[in-house]
Colleague: 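First the structure, which I've put down as structure tokens, then a few questions once you've had a look.
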Amino acid sequence: MKNCFNWIIRTLGNMKIKRKFLLLVAVLIIPFFLMSYFIYNNITDKLIKSQLVLANQGYSQVKSFLDYRFEQIFQVSGIIAMDSTLNEILTKDPTSYPLHEQLKDQSIIKTYLGQFVGKNNNLDNLRLYVPGEFIYSSEEKLLYSLDNAKETLWYKNTFQDWGWVTNNPPIYVENNDAISIVRPIRDLQHYKHFIGAVRIDIAVSEIQQILSRINITQGCLSYIILSNGELIGSSSYDLMRSLQLDDQDLGKALSSEGQFVKLNMNREPIWIYASYLDNTDFILISVLPEKELVNDVRLIQFNYILSLVFLLLLIIIFILPSITSFTRRIKQIVDNMKLVQEGNLNVKLDTHYHDEIGTLVHDFNFMIERINELMQNQYMLGQELKTAELKALQSQINPHFLYNTLEMLGWMAYKHEPKEIQSMTNSLAQYYRLSLNHGDDITSISNELKLVESYLHIQSTRFRNDLSILIDIKDIGDFAIPKITLQPIVENSILHGILEKDNKSGTIKIKGRLKKDNMIELSIEDDGIGMDKAQISKLMNTKREPSNMGNYGLRNIEMRICLYFNIEKAIRIISKPGVGTKVLINFPPKPYNLQAN
């Protein structure tokens with residue numbers, strides 16, 4: 001029994017930690033999770049589908065009712081507007097219209113309109129607008145003055161052009177409490193002459209009550225707008241602020257061919273339905289937030305979470321011994337890591353297990369050995385970097401450049417050119433001051449450009465001002481760069497590019513910018529003789545190019561940049577024979593700090 005127990009302990013100890021947890025999850029979590037997840041999603045999907053069916057039925061019923069209601073209004077208004085007896089009365093001349101005859105006609109009109117007003121027709125809000133000269137125009141129950149309505153929005157909307165049936169939102173109507181369908185009445189003998197108008201109102205409260213029939217929960221919204229976006233009515237004006245569709249979503253709903261469309265609004269899924277009411281420019285819209293459709297599932301979701309919490313508690317109780325075991329072993333690794341942080345690289349851990357923690361111990365030991373190797377390699381790389389820096393400095397303080405400059409100063413002194421001597425002396429002093437850079441290996445891009453300008457001023461004077469430079473640097477002057485990076489490249493452009501041309505004149509352009517990928521790009525471009533691909537390859541793969549850059553090669557420049565910025569590639573050359581050469585330098589931005597360097 002004891003041997004069997006020991007065997008189990010060893011087996012669990014050597015088992016991969018991942019397998020230990022997988023075993024526990026497989027026994028306790030996975031079946032319950034999969035079953036609960038499947039049931040939850042299945043119930044949610046079925047509930048959403050059933051709710052959408054109910055919403056679709058409600059939408060269809062309300063749309064049919066509104067189609068019938070507006071069609072009834074259009075028919076009644078058309079019958080009234082085209083009635084010959086009414087037309088004859090409204091075209092009478094007010095100047096020869098006796099009072100008793102007007103009262104008689106008033107009675108005829110009210111009797112005629114009475115057949116359209118009543119509970120059966122739902123047209124209680126019918127108004128007939130007649131010329132203001134008639135005495136019965138001030139009756140204001142069924143009959144109203146057309147002249148008094150000329151300043152209203154619904155009147156202007158109706159009679160502004162040809163004049164036809166108009167659908168007017170509440171903001172066009174007195175008290176903003178109804179929508180109005182207005183049909184002009186024309187003189188049947190003179191069709192361009194308006195003699196009145198039929199207006200039938202539907203109360204906003206009635207529209208709101210009708211639209212509420214679509215909503216299957218309180219959190220849903222239904223509303224009607226005109227095709228120009230003006231609101232006609234809504235089931236909830238509070239929800240309009242959060243659920244009103246924009247033009248893009250409305251277009252998707254209208255093109256859905258009579259189906260609810262699922263979209264996202266404010267990162268929440270919603271279902272939308274929209275269509276035009278028949279023979280109108282009214283758009284009926286229904287918006288159903290998905291969370292409102294699955295309220296009944298929330299109880300299931302709560303029970304699911306509660307069960308999961310209970311299961312997690314059981315898991316903690318069961319796996320606590322295992323956790324205690326491997327955390328104790330991990331603590332040993334952490335304690336030894338702290339010793340490494342304090343500088344002790346002679347630590348080594350022992351382990352008798354082959355699980356993940358055992359592998360971690362082996363990796364820790366390998367890491368310590370590797371750190372010791374890397375420290376030795378870093379020391380060697382540092383020596384190479386210092387050697388490269390020394391070569392760079394020596395290549396700049398070369399006797400030929402100094403001799404040529406001093407000889408030119410002597411010639412200027414002989415020709416009595418004190419201003420030119422002063423300018424050349426200042427440039428030479430600045431050139432060597434920036435080259436030495438107080439003994440620092442790193443400088444700023446702006447200082448490196450000043451060094452290039454000093455060098456080019458000396459060379460331009462030497463070659464009779466046949467060299468010109470254009471510098472375009474955008475907001476990167478304060479970033480760091482290894483010193484003496486640009487000057488050797490500019491020198492190569494002059495000696496082996498521009499001066500190889502027949503006219504021995506040319507221009508060097510230096511540009512710099514911070515790219516979108518957060519890399520600085522410097523370009524040095526000349527209009528010299530250029531190079532072919534073979535020359536470029538030789539230049540980039542040779543550390544020493546006596547014929548090109550003195551004792552200091554372009555490969556050495558790239559090596560210094562890569563070492564400083566910890567990158568693998570820094571320089572790219574683009575050149576075309578007979579056109580010129582462009583050298584592109586790319587490196588990450590690092591602020592220049594004189595004291596730190």
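Predicted model, so just to flag it, every value in this text is computed and none were measured.
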Colleague: Does any N or O in the side chain of Glu558 come within less than 3.5 Å of the main-chain N or O of Arg555, such that one atom is a donor and the other an acceptor?
Modeller: no
Colleague: Got a salt bridge between Lys450 and Glu453, using NZ or NE/NH1/NH2 to carboxylate O under 4.0 Å?
Modeller: no
Colleague: Is there a side-chain contact between Thr581 and Ile573, using heavy atoms and a 4.5 Å cut-off?
Modeller: yes
Colleague: Give the minimum heavy-atom separation between Ser256 and Val261, together with the two atoms involved.
Modeller: CB-CG2, 3.0 Å
Colleague: What distance separates Ile272 CD1 from Lys252 NZ, expressed to the nearest 0.5 Å?
Modeller: 8.0 Å
Colleague: Can you confirm whether Leu231 sits close enough to Met240 that some side-chain heavy atom of one is under 4.5 Å from a side-chain heavy atom of the other?
Modeller: yes
Colleague: Using 0.5 Å steps for rounding, measure from the CZ atom of Arg560 to the SG atom of Cys562.
Modeller: 11.5 Å
Colleague: Under the side chain to side chain contact (heavy atoms under 4.5 Å, CB included) criterion, do Tyr276 and Leu254 qualify, and how do the steps go?
Modeller: CA-CA 8 Å; Tyr276 281 92; Leu254 289 172; 4.2 Å; yes
Colleague: Taking the side chain as every heavy atom from C-beta outward, state whether Ile285 and Tyr273 have any atom pair closer than 4.5 Å.
Modeller: no
Colleague: Can any side-chain N or O of Lys501 pair as donor or acceptor with the backbone N or O of Asp527 at less than 3.5 Å?
Modeller: yes
Colleague: Tell me if the CG atom of Asn266 is crowded by more than 12 foreign heavy atoms within 6.0 Å.
Modeller: no
Colleague: Can you tell me how far apart CD1 (Ile471) and CD1 (Ile510) are? Round to the nearest 0.5 Å.
Modeller: 5.0 Å
Colleague: Return yes when atom NZ of Lys590 has more than 12 non-hydrogen atoms of other residues, nucleotides or ligands closer than 6.0 Å, and no otherwise.
Modeller: yes
Colleague: Determine the minimum heavy-atom distance between Asn586 and Glu521, stating which atoms define it.
Modeller: OD1-CB, 3.4 Å
Colleague: Taking all atoms of both residues into account, what is the closest heavy-atom pair of Gly219 and Leu243, and its distance?
Modeller: O-CD1, 3.7 Å
Colleague: Checking Glu448 side chain against Leu486 main chain: does a donor-acceptor pair fall under 3.5 Å?
Modeller: yes
Colleague: Check each of Leu456, Ile489, Leu470 against Ile508 using the side-chain contact (heavy atoms from CB on, under 4.5 Å) test, and report the only one that passes.
Modeller: Leu456
Colleague: Between His496 and Met531, does the side chain to side chain contact (heavy atoms under 4.5 Å, CB included) criterion hold? Intermediate values first, please.
Modeller: CA-CA 10 Å; His496 304 287; Met531 296 181 289; over 6 Å; no
Colleague: With a 6.0 Å cut-off (strictly less than), is the heavy-atom count around NZ of Lys515, excluding the residue itself, greater than 12?
Modeller: yes
Colleague: Could you tell me whether a side-chain N or O of Asn228 sits under 3.5 Å from a main-chain N or O of Glu230, the two making a donor and an acceptor?
Modeller: yes
Colleague: Quick one: CD on Gln430 to NE2 on His457, what's the gap to the nearest 0.5 Å?
Modeller: 10.5 Å
Colleague: Would a 4.5 Å heavy-atom cut-off, applied to side chains only, mark Ile270 and Asp249 as touching?
Modeller: no
Colleague: Run the numbers on Asp238 and Arg241 for side chain to side chain contact (heavy atoms under 4.5 Å, CB included), then give the verdict.
Modeller: CA-CA 6 Å; Asp238 293 334; Arg241 290 191 291 269; 3.6 Å; yes
Colleague: Are any non-hydrogen side-chain atoms of Ser444 and Asp478 less than 4.5 angstrom apart?
Modeller: no
Colleague: To the nearest 0.5 Å, what is the distance between CD1 on Ile442 and CG on Asn447?
Modeller: 12.5 Å
Colleague: Measure the shortest side-chain to side-chain distance between Leu250 and Asp246 over non-hydrogen atoms and say whether it is less than 4.5 angstrom.
Modeller: no
Colleague: May I ask you to test the Lys474-Leu514 pair for a side-chain heavy-atom distance under 4.5 Å?
Modeller: no
Colleague: Are Lys511 and Glu525 ion-paired here, with the side-chain N under 4.0 Å from a carboxylate O?
Modeller: no
Colleague: Would one find more than 12 heavy atoms of other residues, nucleotides or ligands at under 6.0 Å from atom CG of Asn566?
Modeller: no
Colleague: Check the pair Ile524 / Val490 against side chain to side chain contact (heavy atoms under 4.5 Å, CB included), numbers first and verdict last.
Modeller: CA-CA 7 Å; Ile524 303 93; Val490 172; 4.1 Å; yes
Colleague: For a quick test of reading the model, state the closest non-hydrogen atom pair linking Gly477 to Ile473 and the distance between them.
Modeller: N-CG2, 4.4 Å
Colleague: For the atom pair OG (Ser493) and NZ (Lys582), what is the distance rounded to the nearest 0.5 Å?
Modeller: 12.5 Å
Colleague: Is the count of non-hydrogen atoms from other residues, nucleotides or ligands lying under 6.0 Å from Asn503 atom CG greater than 12?
Modeller: yes
Colleague: How close do Leu522 and Gly512 get, counting heavy atoms only, and between which atoms?
Modeller: CD2-CA, 3.7 Å
Colleague: Flag yes if more than 12 heavy atoms outside Asp532 fall under 6.0 Å of its CG atom; otherwise flag no.
Modeller: yes
Colleague: Determine whether Thr485 and Tyr564 make a side-chain contact, defined as any pair of heavy atoms from C-beta on separated by less than 4.5 Å.
Modeller: no
Colleague: Check the surroundings of atom NZ in Lys533: do more than 12 heavy atoms from other residues, nucleotides or ligands lie under 6.0 Å from it?
Modeller: no
Colleague: Angle between ring planes, Phe587 versus Phe565, binned at 30° and 60°: parallel, tilted or perpendicular?
Modeller: parallel
Colleague: Write down the atom of Leu245, the atom of Tyr223, and the distance for their closest heavy-atom approach.
Modeller: N-OH, 3.1 Å
Colleague: Do Arg513 side-chain atoms and Asp472 backbone N/O form a donor-acceptor pair below 3.5 Å?
Modeller: no
